[in-house]
Amino acid sequence: MASKLPPPPIVNPKRKNFLGQPAPQGYVAGVGRGATGFTTRSDIGPARDANDVPDDRHPAPAKRKKDDEEDLEEDLNDANYDEFAGYGGSLFNKDPYDKDDEEADAVYEAIDERMDEKRREYREKRRKEEIEKYRQERPKIQQQFSDLKRELCAVSEDEWKNIPEVGDARNRKQRLHGRREKFTPLPDSVLTRNLGGESNTSIDPKSGLASAFPGMLTPTGDLDLRKIGQARNTLMDIKLNQVSDSVSGQTVVDPKGYLTDLQSMIPTYGGDINDIKKARLLLKSVRETNPNHPPAWIASARLEEVTGKLQAARNLILRGCETCPHSEDLWLEAARLVPVDTAKNVIAQAVNHLVNSVKLWIKASELEQDMKAKKRVFRKALEHIPNSVRLWKAAVELEEPEDAKILLSRAVECCPTSVELWLALARLETYENARKVLNKARENIPTDRQIWITAAKLEEAHGNTTMVEKIIDRSINSLAANGVEINREHWLKEAVDAEKSGAVLTCQAIIKFVIGHGVEDEDRKHSWLEDADNFTSQGAFECSRAVYSHALEIFPAKKSIWLRAAHFERQHGTRDSLESLLQRAVAHCPQAEVLWLMGAKSKWLAGDVPAARSILSLAFQANPNSEEIWLAAVKLESENWEYERARKLLAKARNSAPTPRVLMKSAKLEWHLGDLEEALKQLQTAIEQFPDYPKFYMMQGQIHGLQQRMTLARESYSLGTKKCPTSVPLWLLLARLDESQGNMTRARSVLEKARQKNPQNPQLWLEAIRLEWKTGLKDIASAMMAKALQDCPTSGLLWAETIFLVDRPQRKTKSVDALKKCEHDPHVLLAVSKLFWTERKTQKCREWFNRAVKIDPDFGDAWGYFYKFELLHGTAEEQNDVKKRCVQAEPRHGEVWTTISKSPQNWRAKTEDILLLVAEALPVPV
C-alpha cells in the first residue's frame, strides 16, 4: 500500500512574517545599505483644486503623546496595588477589544443609565429650584423696572407728549458720517467712449449682470432702458388724459373721492393671496365632489366674505340652499349674508322646506320689526311645533300677563315635563290656583326639587308658615322614594337662593332637613361649622344662623359652638339676637366664664349697667371665686366711676381668690386713682406672696420712677431680674433707666447680661442696637445688627429696623430681603408700607397697610401709622373706615400702642381715643 503523503503545513515556513503587513512608520526601503528616500507623483496623487473635498482615506498616523504612552504602560508596582480593588490601572489595555467586551460595556452603560434615571427627577427639580432662587436673588434689569413699566399705563396723553426728546449724544463726526455723499471716481474708459460719440443705452446680459437670487436670472436679450422710459411716460400720459377735462384741460379729480376709492380697493383680508387661491380650489373641489355637503357651501361663502367679495358669497350660499334645501345651517347662513328684505324671503323658503325647525322660526321672528308680526310668527310656529319649550317661552315673553297666563296654560298641556313653564304659570296665578298648578306639576314631574321649593316659598309668602317645613320634609321623602339622589351641595345652594329671594323660613327649613344628610356622626360638628363659615363668606347670614341653630340643638353643651355663634351674632346680628343667644348659652354651659362675660359686656355697652351687674352676680353663683368674673365686675364698676365699689370687690377678691392678677389689678387701681403709697404697700405684699411674678417689680419700679426715687426704682428692677431672669420687659426697663441716667456703659452691660440669660431674643438685640445708634456709634450698631440677624434670622422686628438703618438707595433691596425671610410678619409689612410712604406712592402704601392690619389686627402700631397716613393723604371717608375697623379689632399690642394705652392718664381711654393719641405720637417716616 502506497504511503500517504503528510498534509501540507498550515504556515509556510519559507514565507517571511513581515510580508503582507504595513511598513512601520518612517521606513525607507534600502536605508540600511545607503539608499535615500524620494517622493514621486504616484505617491502623492494628482494635483487637486483648492475647493476640492480633501481625501482622508489615507490619513497620516497620529503621533502618540508621551503621556498616553505612559498611561498605556502597566504599573504593576506594589504601591499601585489594593487588596480589594487590585491594581489601579487596567491590566487589559493591550488586549484586543472583541465582541464580548462590547456587549459587556453595553450592559454596564444600560445599568448606569438606569441608575441615573432614578435620581434624574429629583436632580432636575433641585436644579430648577436653584435656577429660580438665582433668578429671584439676581433679577434682570427688565424685571427690576417692571413695576415702573406698569405705571406707564397711568401716564396721560399730555404728559406723554411733554416728554422731552432724547438728544443725539454722538460727536459731530459720527452724526454727519451717514449724511455725507460718497463719490466714486469714473473710469477714464467711460469718459473716452463718451467723447468719441459712442452711446449705448442697453445692457448686455452676457456681460456678467445677473440676478443675485438663485433661479431668477435676467432674461436673455438686450434690455433697452430708453424704451422702458418712453413706455412709462406714455402710460402716465394716458392716465392724465383720462382724468382731465376735455374742454379746458383742467383736472377734475376729486381728491377726497379719489382717496376713498383707493381705500375701498384695499383688501380686508391680510393673509397671503396664494392661501386664498388654494382655499378656493380646495373648497371648489369639495363642492363638486360632494355637492350635498352643507359645510362646504358655508365655508366657501365665508371665505368670499372674509376676502371682501360679499356678492360672490351671497351667490354661493344661495346656490348651496338650492342644492341642499333641507340644511338648517345653510338657510341661517344665507339669512345672515343677504340684506334684511331678502332675508325674509329666504327664511320663508326655508320654513317651507323645514317646517319643524325651531331656529328658523326664531330667526323669522327676529327679522320682523312689528310686535304683532312677531306674535303672528310664533303662533304659526307653535301650530307646527307645539312641543317646543323654547318657542313657548319666546312667545310668552311677548305677551301681557293675562294673555301670557292663557298661553302658559296651553303650554303646560303641550309640554307637561317642562318645569320652567309650570313655575311661570304658578307665578302668574292667584294663591289658590298656584297651589293647584304646583300640585299638577308635582304629579307630572315627581323628580324635580324646584317645584317643591317653589311651593314652600308660596306658602311662606302667604303667611302659612307651618306648612313650609312640612313641604320641605315631604319633598325629600318623595324625591328619595322616586329614586332621586339628595345632593347636599345642590340643596344648600337652593337655601342660599331662597334667602336672597326673601324666603327665610324656606331657607331655614331646607338647612334643617338637609344639613345632616350624607355626613358621618363624628364629622357633624366640624362639617357644620365649615358650612356656616362658607355661608358667611357668601353673605348668606340667615343660612349661617340656621346652621348654628341646628348645631346647637344637636350639641347644646358644646362651648365652642356657642362661642362661634356668639361671635357671628356680634359681627352680623343685632344686640337683641346676641343677648338672647348668650342667655341660652349660659343656661346650657354655666361653667363657661367667657359666655357670662360676653353677656355682661353687651349689656354694659348698651348702657344697661344694672343688667350687667345682675349677669355677673349670676356668674358668681355659677362660678364662685372665678378670677375672670371678679376682674370683670371690678372693671364694670371702675368704668362707671364706682371706685369704692371696685375697691370693695377687689378686697373681697384678695381674700377669696388671692391670685397674682387680682393683686396686680388692686395695686393698679390705687395707682390710677393717685394713691401711690397704698399701691406700693399692696405691691410689697404681693411680692412677698408671689415673688416670681414680674409685673409686680415693673409696677414698683415705675411708681418709684414717678416719685423720682431712681435708686429704689433700680433696686426694684434689679431684684426683679434676679427673681424673674426670663422676663424681657424687666431687663428693658432696667436698661432704659440706666440710659435715662446717662450711664450708657451700665445699660450696655445690662443688655449683654439679658442676652446671655435670654438667647435669641430679638427685643433685646433691638434695644442694644438702638442704644448704640442714639449714642452716634452707627458702625457698631450696624455690626450688632448683622450679629442679631445671624442669631435671629427670621425676626420681623429686626428686619423692619434694618430697612431704615441703611441709606436710602439700599432700602428697597433690604425690604426685598426682609420679605423673603419673613413674608407674613406684620412688622416687615409695616416697614414696607412706611417705605412706600417715603417714596410718595400712596396707593401702594395703602395696599400694604391693609395687608399688615389684615395679617395681625392686634398690632396697634400698624393701625396708628395707617390712620396717620389717611389723615395726611386720605379722604374723610377713608379715615372713618380705618377708625371703625380699628375699634372692631380692639388692638392690644405694639411698642407705641402699649406705651400710650398703659399710661396712667389714659387708663379709661377707649380704643378710638388711643388711636388718635398713637397717630399723633408717631413720626412721619423719612
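For the numbers below, each heavy atom of this structure counts, side chains included, while hydrogens, waters and symmetry mates do not.
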Under the side-chain hydrogen bond (donor to acceptor under 3.5 Å, both in side chains) test, residues paired with [X] that sit two or more places apart:
{"X": "His893", "result": "Asp858"}
{"X": "Glu678", "result": "Gln682"}
{"X": "Glu542", "result": "Arg545"}
{"X": "Glu877", "result": "none"}

_According to salt bridge (charged side-chain N to carboxylate O under 4.0 Å, His left out), does anything in residues 777-802 pair up with another residue at least two apart or in another chain? List the pairs._
Arg770-Glu801
Are there more than 12 heavy atoms of other residues, nucleotides or ligands under 6.0 Å from atom [atom1] of [X]?
{"X": "Gln689", "atom1": "CD", "result": "yes"}
{"X": "Lys821", "atom1": "NZ", "result": "no"}
{"X": "Lys723", "atom1": "NZ", "result": "no"}
{"X": "Lys868", "atom1": "NZ", "result": "yes"}

_Which residues share a side-chain contact (heavy atoms from CB on, under 4.5 Å) with Lys820, sequence neighbours left out_ = Gln136, Glu137, Val816
*asked:* Quick check: do Ser740 and Leu737 have side-chain heavy atoms less than 4.5 Å from each other?
replied: yes
*Can you tell if the side chain of Gln763 reaches within under 4.5 Å of the side chain of Trp731, non-hydrogen atoms only?*
no
Would the distance check show the side chain of [X] and the main-chain N or O of [Y] forming a donor-acceptor pair, the cut-off being under 3.5 Å?
{"X": "Gln879", "Y": "Glu870", "value": "yes"}
{"X": "Thr685", "Y": "Lys681", "value": "yes"}
{"X": "Glu890", "Y": "Thr911", "value": "no"}
{"X": "Asp807", "Y": "Pro809", "value": "no"}

*Should Lys844 and Glu839 count as an ion pair when the cut-off is N to O under 4.0 Å?*
no
*Thinking salt bridges, do Asp881 and Arg885 make one under a 4.0 Å N-O criterion?*
yes
*Derivation and outcome, side-chain contact (heavy atoms from CB on, under 4.5 Å), residues Phe859 and Trp897*: CA-CA 8 Å; Phe859 187 34; Trp897 185 277; over 6 Å; no
*Quick one: do Tyr548 and Leu529 satisfy side-chain contact (heavy atoms from CB on, under 4.5 Å)? Show the steps, please.*
CA-CA 8 Å; Tyr548 283 125; Leu529 293 179; 3.7 Å; yes
*Report the C-alpha separation of Gln843 and Arg846 in whole Å, then their side-chain angles, then the decisive distance to 0.1 Å, and conclude whether the side-chain contact (heavy atoms from CB on, under 4.5 Å) test is met.*
CA-CA 5 Å; Gln843 188 59 35; Arg846 186 174 287 111; 3.7 Å; yes
_Looking at every heavy atom in both Trp765 and Cys792, which two are closest together, and how far apart are they?_
CD1-SG, 4.2 Å
